[in-house]
Visitor: 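Can you read through this structure? Questions will come right after.
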Amino acid sequence: MAGHAVTAVRRAVADDVPRAAHVLAAAFAGYPWTDWVVPPDDRAARLTELQALYLTHAVRHGVVLVDEALNGVVALVPVDAPPPDDATWHAVAALHGDRLERLGAAEPPPPPPGAWTLAALGVLPAARGAGLGSRLVAAALADVGDVPVVLDTSDPRNVGLYERHGFVVVARADVPDGPAVWSMVRPVLRPAGSSAP
């Protein structure tokens, strides 16, 4: 949007997590997968708490980038990141409530060896339309370098965004009574003229 100045993208730190969680919760309001796996009662508060738990883990073990104005967030985690501790898992389970089992309903294909997962991307609704989401994805992919990156999305509008960054759809899961989920992979990037090992 014209009213939002372009700001620099940087690594998030622990102090950014509360605001970044709010950004992701606002960005995922009405998102098909979120609406299906998070109970409707107090959904906004539940989603903010869930995103804070996930982001805390990602800041410690992966790459989380934000813009200086904290209007957008992207989080990636490596395949070898340790699992969240028991207290975090118990909190996640409580927040999902009777919808917890739905989390495993769309099983993605196995990731390529060494893959990172693009776990979350969100921009505040008021800041959309200025290319911030695309800038965050590009910066995050540059940060992790020449490795495969996987993601899942349940919004078909996101597929084109990720395709512009080199991702390809590798599967689509049509969840019974739930949303469709597209699994995407950005393969390992190799400079022109290089050969595979």
Visitor: Would you give the length of the straight line joining atom OG1 of Thr34 to atom CG of Leu47, rounded to the nearest 0.5 angstrom?
Guide: 5.5 Å
Visitor: Within the structure provided, determine whether Arg172 and Val181 are in side-chain contact (heavy-atom separation under 4.5 Å).
Guide: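 Of all side-chain heavy-atom pairs linking Val181 with Arg172, none is under 4.5 Å.
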Visitor: Is there a continuous path of hydrophobic side-chain contacts, each under 4.5 Å between heavy atoms, that joins Tyr31 to Trp182?
Guide: no
Visitor: Is it true that Leu124 and Val64 fall in one hydrophobic cluster, defined by side-chain heavy atoms closer than 4.5 Å?
Guide: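 Looking at the clustering, Val64 is in the same group as Leu124.
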Visitor: Step by step, work out the salt bridge (charged side-chain N to carboxylate O under 4.0 Å, His left out) result for Asp41 and Arg43.
Guide: CA-CA 5 Å; Asp41 55 303; Arg43 180 174 282 151; over 6 Å; no
Visitor: Can you tell me how far apart CG (Asn158) and CZ (Phe167) are? Round to the nearest 0.5 Å.
Guide: 11.5 Å
Visitor: With a 3.5 Å distance limit and no angle check, can you tell me whether Thr153 reaches the backbone of Asp155 through a side-chain donor-acceptor pair?
Guide: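 Between the backbone of Asp155 and the side chain of Thr153 there is a qualifying donor-acceptor contact (under 3.5 Å).
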Visitor: Can you tell if the side chain of Val150 reaches within under 4.5 Å of the side chain of Met184, non-hydrogen atoms only?
Guide: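 Contact flag for Val150/Met184 side chains = no.
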Visitor: Could you check whether any side-chain N or O of Asp146 sits under 3.5 Å from a backbone N or O of Val188, counting only pairs where one atom can act as donor and the other as acceptor?
Guide: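 Absent.
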Visitor: Between Arg99 and Asp35 (side chain of the first, backbone of the second, donor and acceptor by atom type, cut-off under 3.5 Å), is there such a pair?
Guide: yes
Visitor: Are Arg11 and Val63 side-chain neighbours, meaning at least one heavy-atom pair lies under 4.5 Å?
Guide: yes
Visitor: Are more than 12 heavy atoms, taken from residues, nucleotides or ligands other than Asp85, located less than 6.0 Å from that residue's CG atom?
Guide: yes
Visitor: Are Val77 and Val17 connected in a single hydrophobic cluster, I mean Ile/Leu/Val/Met/Phe/Trp/Tyr linked by side-chain heavy atoms less than 4.5 Å apart?
Guide: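 Result: no, two separate clusters.
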Visitor: Same cluster or not: are Tyr54 and Leu121 linked, directly or through other Ile, Leu, Val, Met, Phe, Trp or Tyr residues, by side-chain heavy atoms under 4.5 angstrom apart?
Guide: no
Visitor: Within the structure provided, determine whether Leu118 and Val74 are in side-chain contact (heavy-atom separation under 4.5 Å).
Guide: yes
Visitor: Looking only at side chains, do Tyr162 and Ser134 share a donor and an acceptor under 3.5 Å apart?
Guide: no
Visitor: Should Val23 and Asn71 count as side-chain neighbours, where that means a heavy-atom distance under 4.5 Å?
Guide: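 The answer is no; the side chains never approach within 4.5 Å.
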Visitor: Distance to the ring centre below 6.0 angstrom and angle to the axis at most 45 degrees; does that hold for Arg102 and Trp36?
Guide: yes
Visitor: Please answer: with hydrophobic residues joined when any side-chain heavy atoms are less than 4.5 Å apart, are Phe28 and Leu151 in the same cluster?
Guide: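 The answer is no; the residues belong to distinct hydrophobic clusters.
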Visitor: Should Arg10 and Asp16 be marked as a salt bridge (charged side-chain N to carboxylate O under 4.0 Å, His left out) after you check the CA-CA gap, both sets of side-chain angles, and the distance that decides it?
Guide: CA-CA 11 Å; Arg10 63 171 173 82; Asp16 294 318; 2.8 Å; yes
Visitor: Under a 3.5 Å threshold, yes or no: a donor from one side chain and an acceptor from the other, between Thr88 and His57?
Guide: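 His57 and Thr88 do not have a side-chain donor-acceptor pair below 3.5 Å.
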Visitor: Donor-acceptor check, side chain of His96 to backbone of Val37, threshold 3.5 angstrom: yes or no?
Guide: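 Yes, the answer is positive, given that a donor and an acceptor are paired below the 3.5 Å cut-off.
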